[in-house]
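Quick notes on the structure that follows.
Side chains included, hydrogens not; waters and symmetry mates left out as well; all remaining heavy atoms used.
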Amino acid sequence: GRAMAAWSRGLRGVLLDINGVLYDSGGDGGGTPIAGSAEAVRRIKASGLKLRFCTNETQATREKLVKKLQGLGFDISVAEVTAPAPAACRILKERGLRPHLLVHNDLVPEFAELDKTNPNCVVIGDAAENFTYANLNEAFRVLIGMEKPVLISLGRGRYYKETDGLKLDVGAYMKALEYACDVEAEVVGKPAKPFFESALAEMGVPAQQAVMIGDDIVNDVGGAQQCGMRAVQVRTGKYR
């Protein structure tokens, strides 16, 4: 109604979360689109608003994720996706860091250009089935062996929703390593400020003229508001 019209005045950019907003992922790499979401993306684009897809998805490369979403009927390209892995790669290169990776097998190609010999940091993502005791212990040993441990996390989510129910997310395992090593992780995905700032920069839109739409009150809504953006929580995905 009228309030919505007033609220959306001066709006130039929209940031959309993917998992739980556009679709619920399935453990088999499939997933179910959320009713009306493909049409909503089309309408946002047709309206002339700038659009970025902002995801903490770290179970697949952006290419693979985009192919899947295109197959589900979404108008989306890799260039429109802001994701944690490429952001992490930039940081690692800038700081001359060689990562020990505790990530999903399907994400490993995102780190192909980096030197991983004799690692001097740990990068943790949503490793799903790779979160075994052995793998966590290996990451712990790399960290505890450092004079100044560096732990980089591709997100801090607690859980997310798949078609067969809720799944533990990277944040739970990040906390385990933080606790064991008495270290504070650097988060490069949502809700970290630089993540939203780079999405805004890619759109060329100031925070005041952008809105974030997500299903996570902390990572999507809270993170966006801390950057001076407006935010909307949808009642899909893991919304309870």
As a test of understanding, state which of Leu22, Ile76, Thr55 forms a side-chain contact (heavy atoms from CB on, under 4.5 Å) with Leu16. Leu22

Main-chain N/O of His104 paired to Gln59 side chain as donor or acceptor, under 3.5 Å: no

Taking the side chain as every heavy atom from C-beta outward, state whether Met174 and Val187 have any pair of such atoms under 4.5 Å apart. yes

Would you check if the side chain of Arg230 reaches a backbone N or O of Val211 as a donor-acceptor pair within less than 3.5 Å? no

Do you reckon Val170 sits in the same ILVMFWY cluster as Leu177, going by side-chain contacts under 4.5 Å, direct or chained? yes

Contacts of Asp215 that satisfy salt bridge (charged side-chain N to carboxylate O under 4.0 Å, His left out) - sequence neighbours left out: none

Could you give the distance from CZ (Phe195) to SG (Cys54), rounded to the nearest 0.5 Å? 5.0 Å

Whether Asp126 and Lys167 form a salt bridge (side-chain N of Lys/Arg under 4.0 Å from carboxylate O of Asp/Glu) is what I want to check. no

What distance do Ile18 atom CD1 and Ile34 atom CD1 have between them, rounded to the nearest 0.5 Å? 11.5 Å

Taking Leu154 as the starting point, is it possible to reach Leu136 by hopping between hydrophobic residues whose side chains are less than 4.5 Å apart? no

May I ask you to check whether over 12 heavy atoms, not counting those of Lys175, lie within 6.0 Å of atom NZ? no

Spatial distance of atom CG (Leu166) from atom OH (Tyr160) [nearest 0.5 Å]: 10.5 Å

Do Leu102 and Val123 have side chains that get closer than 4.5 Å, going by heavy atoms? no

Distance (rounded to the nearest 0.5 Å) between Lys50 NZ and Ile44 CD1: 14.5 Å

I need the full list of side chain to side chain donor-acceptor pair (under 3.5 Å) pairs touching residues 133-158, with sequence neighbours left out, sorted by first then second residue. Thr132-Asn135

Other residues, nucleotides and ligands only: do more than 12 of their heavy atoms fall within 6.0 Å of CD on Glu39? yes

Minimum heavy-atom distance Leu49-Gly13, with the two atoms named: CD2-N, 4.2 Å

Val150 and Val122: CA distance, side-chain angles, deciding distance, side chain to side chain contact (heavy atoms under 4.5 Å, CB included) verdict: CA-CA 6 Å; Val150 177; Val122 166; over 6 Å; no

Asn56 side chain to Gly155 backbone, donor-acceptor under 3.5 Å: no

I would like to know whether Phe53 and Val41 meet side chain to side chain contact (heavy atoms under 4.5 Å, CB included); could you show each step before the answer? CA-CA 10 Å; Phe53 299 91; Val41 169; 3.9 Å; yes

Given salt bridge (charged side-chain N to carboxylate O under 4.0 Å, His left out), test Arg95 with Glu186 step by step and report yes or no. CA-CA 13 Å; Arg95 286 164 52 185; Glu186 298 172 49; 2.8 Å; yes

Cluster question for you: counting only ILVMFWY and a side-chain heavy-atom cut-off of under 4.5 Å, with indirect links fine, are Tyr173 and Tyr159 together? no

For Tyr23 and Pro33, which heavy atoms make the closest approach, and how far apart are they? CB-CA, 3.7 Å

What closest approach, in Å, do Ala88 and Val188 show between heavy atoms, and which atom pair accounts for it? CB-CG2, 4.0 Å

For the residue pair Cys181 and Leu151, establish whether any side-chain heavy-atom pair is separated by less than 4.5 Å. no

Rounded to the nearest 0.5 Å, what separates atom CG in Leu69 from atom OG in Ser37? 9.0 Å

Per the side-chain contact (heavy atoms from CB on, under 4.5 Å) rule, which among Val232, Leu200, Asp17, Val221 passes with Met212? Asp17

Pairing of Lys45 and Glu80 as salt bridge, 4.0 angstrom limit: yes

Going by heavy atoms in the side chains, are Lys116 and Pro99 under 4.5 Å from each other? yes

Minimum heavy-atom distance between Gly73 and Ala38, given as atom pair plus value: O-CB, 3.7 Å

Short question: side chain of Arg12, backbone of Gln209 - any donor-acceptor pair under 3.5 Å? no

Let me know which of Asp169, Asp24, Asp216 forms a salt bridge (charged side-chain N to carboxylate O under 4.0 Å, His left out) with Lys161. Asp24

Does atom NZ (Lys67) have a neighbourhood of more than 12 heavy atoms from anything else shown, all under 6.0 Å? no

Which residues pass the salt bridge (charged side-chain N to carboxylate O under 4.0 Å, His left out) test with Glu202, not counting sequence neighbours? Arg52

In the structure I gave you, are the side-chain heavy atoms of Ile152 and Leu92 within less than 4.5 Å of one another anywhere? yes

Considering all heavy atoms of both residues, which atom of Leu15 and which atom of Met229 are nearest to each other, and what is their separation? CD2-CE, 3.8 Å

List the atom of Gly214, the atom of Asp220, and the distance in Å for their closest heavy-atom pair. CA-OD2, 3.3 Å

Out of curiosity, Leu107 CG to Lys64 NZ, how far, rounded to the nearest 0.5 Å? 10.5 Å

Does Phe140 share a hydrophobic cluster with Met146, counting links as ILVMFWY side-chain heavy atoms below 4.5 Å and allowing steps through other members? yes

Does Leu72 belong to the same Ile/Leu/Val/Met/Phe/Trp/Tyr cluster as Ile213, with side-chain heavy atoms less than 4.5 Å apart forming each link? yes

Compare all side-chain heavy atoms of Phe196 with those of Gln226 and state whether any distance is below 4.5 angstrom. no

For the pair Arg62 and Glu110, find out whether any cationic side-chain nitrogen is under 4.0 Å from an anionic carboxylate oxygen. yes

